[in-house]
**Q** 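A single structure is presented below for examination.
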Amino acid sequence: MNKLSATSQSFVDACSISETELPWLISLKKCGIEEFSKVGLPTLRNEAWRYTSLKQLERLDWQKVAEDYEVGELSWLTSGDSYKLVIVNGKFNYSLSEIGGFPEGAFIGSLSEALVSHSELLETHLGRIATSKDSPLLALNASHMADGYVILLSKVELTKPIEILNVGRTDGQAIAYHPRNLILLDQLSRATIFEHYTGQNAGSYFMNSGTEIFVDQGSHLQHHRIFADGPEAIGVASTGVRVGSDANYTSLVLSDGGKLLRNDVRIHLSASGAETKLGGIYLADDEQHVDHTVVIEHEMPHTKSEQLFKGVLSGKARGVFQGNIKVHEGADGSDGQLTNKTLLLSPGTEVNSKPQLEIYADDVKCSHGSAVGQLDEEELFYLRSRGIPYTQAKSILVESFLSEFIDEFNLGELADTFHQRITDWIRAD
Amino acid sequence: MLKIKNLHATVDGKEILKGINLAMGFGEVHAIMGPNGSGKSTLSYVLAGRDGYEVTKGEVLYNGKNLLEMKPEERAGEGVFLAFQYPVELPGVSSMNFLKAAVNAVRKYRGENELDAMDFLKFVRETTKMLNITDDMLKRAVNVGFSGGEKKRNEVLQMAVLKPTLSVLDETDSGLDVDALRIVGDGVTALRSPHRSMLVITHYQRLLDHIVPDEVHILADGKIVRSGGKELAVELEEEGYSRYTADAA
């Protein structure tokens, strides 16, 4: 075993395993500790982390989250009727959540509650699709597994969306937390989930989430996320998704907050007819670092994936996009498309775009493309020659670059929120 | 209303305009004709304020103000309009939103109230009919997938709604067939008025059949080498430019 850095060691030391916990949970946590202890926090030598350094984590002394905390005003993404979950510093908050009237037989609530009420289902799903072997951060997350949200739907079509508010809040002390979330849709279930990551107060927090999503047997999940963490936040959101037969996972992500964000998504198209469509918008300014890393595993024939990630960088921001489409042996007739485009608004910005295809099957339709550019001088002049001031002209062009695919995702009222965030970001830049 | 005095301009360090003098009054239409490479487009870009066109000498007074000191958007606000030879495509920007942003920007500059969506639609509809511009064109992204004729009609539409006092038409006839030329020519002619001046830049005389100029200037090698009435255009059409290019050389 390598000697761990002080910070890595402190994260291991912070794990608490009680002998009274469920035996399978104990072994899941122990396995997490073991995997994480092998390497500790990833460095740039780790291929998957070549462009994103977590060195900043070494500079602070990260504490566990205190039991009692105050919460400020909650900022919901939509004004419409929805089930509302509030997670503060990784802890599910029942008193702020509004989950009344959830369909019978379905479950929505905290991980700790689900461990008691749905122990068997959790045993067969937790740690199965976002595993400790996938990444050191997921291993670390598993070792701390204690709270987060759980949504279980079987033969249920939700008529209103679920909105999840993940609040990071700290004043002085730097805190670290590792929520584990689980979403299970089975047998023709349908749901729409809006997830909002946001920070209150300007303190440092390290949010290391692990989310496992199973969309099985003809189910459809729309899972849209906005990462707008606080200015000193370091966020790593690891998500593992398994899409089953004739099932569909659709997700549009927008990130504009945090000091550093790594959105790490791995999707397994595990049965024929499984489809996924992912969109991403990243906006970064000043010294922000944003990393969207996506791996799509086409494991079975006739599976389909589509990814479009677009970003705009300004100031000294750094952007990373890594997209990998893996078509496994035997996954004939798979269709995988991937596009990444980045617009650089100032000379201090940098982007690393790494699209990859790994194909081990026949008769597949795959493509990838990547482009990096600047605002077109001719387009800017055309707008200005029509009386439109420079900043407005710039904003029109950036918005048109980003907005074109928002409508494809049928976001309903949330589309306005996405457009508004883009406009606000441009204005603030 | 427009006075160009001894205007010199360079592009990438190369002198293209070599001392242009021109004076236009209110309501006048002047044509600038010249062979390829004579500096016609450079003159239009200098007047509109495009980056990369450096004025090294001379001045341009527009309604008594120093035009060259203004940003492109300020010139538009002051009433200068350039109809592009090659209108720029703006993917993802709907024509309607673009027009509305432009109209409201110049209205704001001129101290007028901005139009809301309904009033704006009414305002635009009056003009689109005349130029044979369909609602479908207005919904599409600016100039994306437009034919040559549609692009030029779109330029004239912008000119109509922005109500300029000085319009510079840069080879507005290029790439147009006879019918499109007539629509564009009629559209421009309809915009003529005693307080609107136009500078029509063209290689050929045919546009001037539709937009009849008060004066014609021949531009060759960055200078105006001859000025005259509308009959000069006819003469040029018959004799060609060879005489002037030889003169200039």
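Here is the naming used below: chain letters follow the sequence lines, and residue numbers restart at 1 for every chain.
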**Q** Does CG in B/Asp116 sit with more than 12 non-hydrogen atoms of other residues, nucleotides or ligands closer than 6.0 Å?
**A**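 For B/Asp116, atom CG is crowded (more than 12 foreign heavy atoms under 6.0 Å).
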**Q** Determine whether A/Phe381 and B/Phe84 satisfy the following criterion, ring pair (Phe, Tyr, Trp, His ring centres under 6.0 Å), listing intermediate values before the conclusion.
**A** CA-CA 11 Å; A/Phe381 174 63; B/Phe84 282 55; 5.7 Å; yes
**Q** Please check if the number of heavy atoms outside A/Lys316 that lie under 6.0 Å from its NZ is greater than 12.
**A**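 12 or below, so no.
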**Q** Given a strict heavy-atom distance threshold of 4.5 Å, which part of A/Leu380 is in contact with chain B: side chain, backbone, both, or neither?
**A**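 For A/Leu380, neither part sits under 4.5 Å from chain B.
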**Q** Just checking B/Lys3: does its NZ atom have more than 12 heavy atoms from other residues, nucleotides or ligands closer to it than 6.0 angstrom?
**A**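 Open: at most 12 neighbouring heavy atoms sit under 6.0 Å from NZ of B/Lys3.
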**Q** Which heavy atom in B/Pro91 sits nearest to a heavy atom in A/Ser400, and how many Å separate them?
**A**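 Where B/Pro91 meets A/Ser400 most closely, the heavy atoms are O-OG, 3.5 Å.
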**Q** Check the angle between the aromatic planes of B/Phe98 and A/Tyr382 and answer parallel, tilted or perpendicular using the 30° and 60° thresholds.
**A**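 The arrangement is parallel - the two ring planes meet at less than 30°.
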**Q** Heavy atoms only, distances under 4.5 angstrom: which of B/Pro87, B/Gly77, B/Ala101, B/Ser94 has the most pairs with chain A? Name it, please.
**A**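 Answer, by heavy-atom pair count under 4.5 Å with chain A: B/Ala101.
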**Q** Are more than 12 heavy atoms from other residues, nucleotides or ligands located less than 6.0 Å from atom CD of A/Gln374?
**A**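 No - once you tally the heavy atoms of other residues, nucleotides and ligands closer than 6.0 Å, there are 12 at most.
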**Q** Other residues, nucleotides and ligands only: do more than 12 of their heavy atoms fall within 6.0 Å of NZ on A/Lys341?
**A**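 Atom NZ in A/Lys341 is not crowded, with 12 or fewer foreign heavy atoms closer than 6.0 Å.
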**Q** Measure distances from A/Gln392 to the heavy atoms of chain B and classify the residue's part below 4.5 Å as side chain, backbone, both or neither.
**A**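 Just its side chain gets close to chain B.
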**Q** Below 4.5 Å from any heavy atom of chain B, which atoms of A/Phe401 appear? Answer side chain, backbone, both or neither.
**A**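 It is neither, since no heavy atom gets under 4.5 Å.
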**Q** Is a donor on one side and an acceptor on the other found under 3.5 Å between the side chain of B/Glu73 and the backbone of A/Arg386?
**A**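 No: the side chain of B/Glu73 does not pair with the backbone of A/Arg386.
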**Q** Heavy-atom count around B/Asp51 CG within 6.0 Å, excluding the residue itself: above 12?
**A**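 Check fails, neighbour count at 12 or below.
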**Q** Checking heavy atoms, do the side chain of A/Ser385, its backbone, both or neither come under 4.5 Å from chain B?
**A**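 Both backbone and side chain.
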**Q** Any heavy-atom pair between the side chains of A/Glu377 and B/Arg50 that's under 4.5 Å?
**A**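 Sidechains of A/Glu377 and B/Arg50: no contact.
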**Q** Using non-hydrogen atoms and a 4.5 Å limit, figure out which bit of B/Glu89 sits close to chain A: side chain, backbone, both or neither.
**A**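 The backbone, not the side chain.
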**Q** Heavy-atom count check: over 12 atoms from other residues, nucleotides or ligands less than 6.0 Å from B/Tyr86 OH?
**A**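 No, not enclosed.
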**Q** Heavy atoms only: give me the nearest B/Ala105-A/Gly387 pair and the separation to one decimal.
**A**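 Looking at all heavy atoms of both residues, the shortest contact is CB-O, 3.2 Å.
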**Q** Does any heavy atom of chain A fall under 4.5 Å from the side chain of B/Val142, the backbone, both, or neither of them?
**A**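 For B/Val142, the contact with chain A is made by the side chain alone.
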**Q** Using the rule given for side chain to side chain contact (heavy atoms under 4.5 Å, CB included), can you reason through B/Leu90 versus A/Leu397, listing the C-alpha separation, both sets of side-chain angles and the distance that settles it, and then say yes or no?
**A** CA-CA 8 Å; B/Leu90 303 175; A/Leu397 293 178; 4.1 Å; yes
**Q** Should we say atom NZ of A/Lys304 is surrounded by more than 12 heavy atoms from elsewhere, each under 6.0 Å from it?
**A**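 No, not enclosed.
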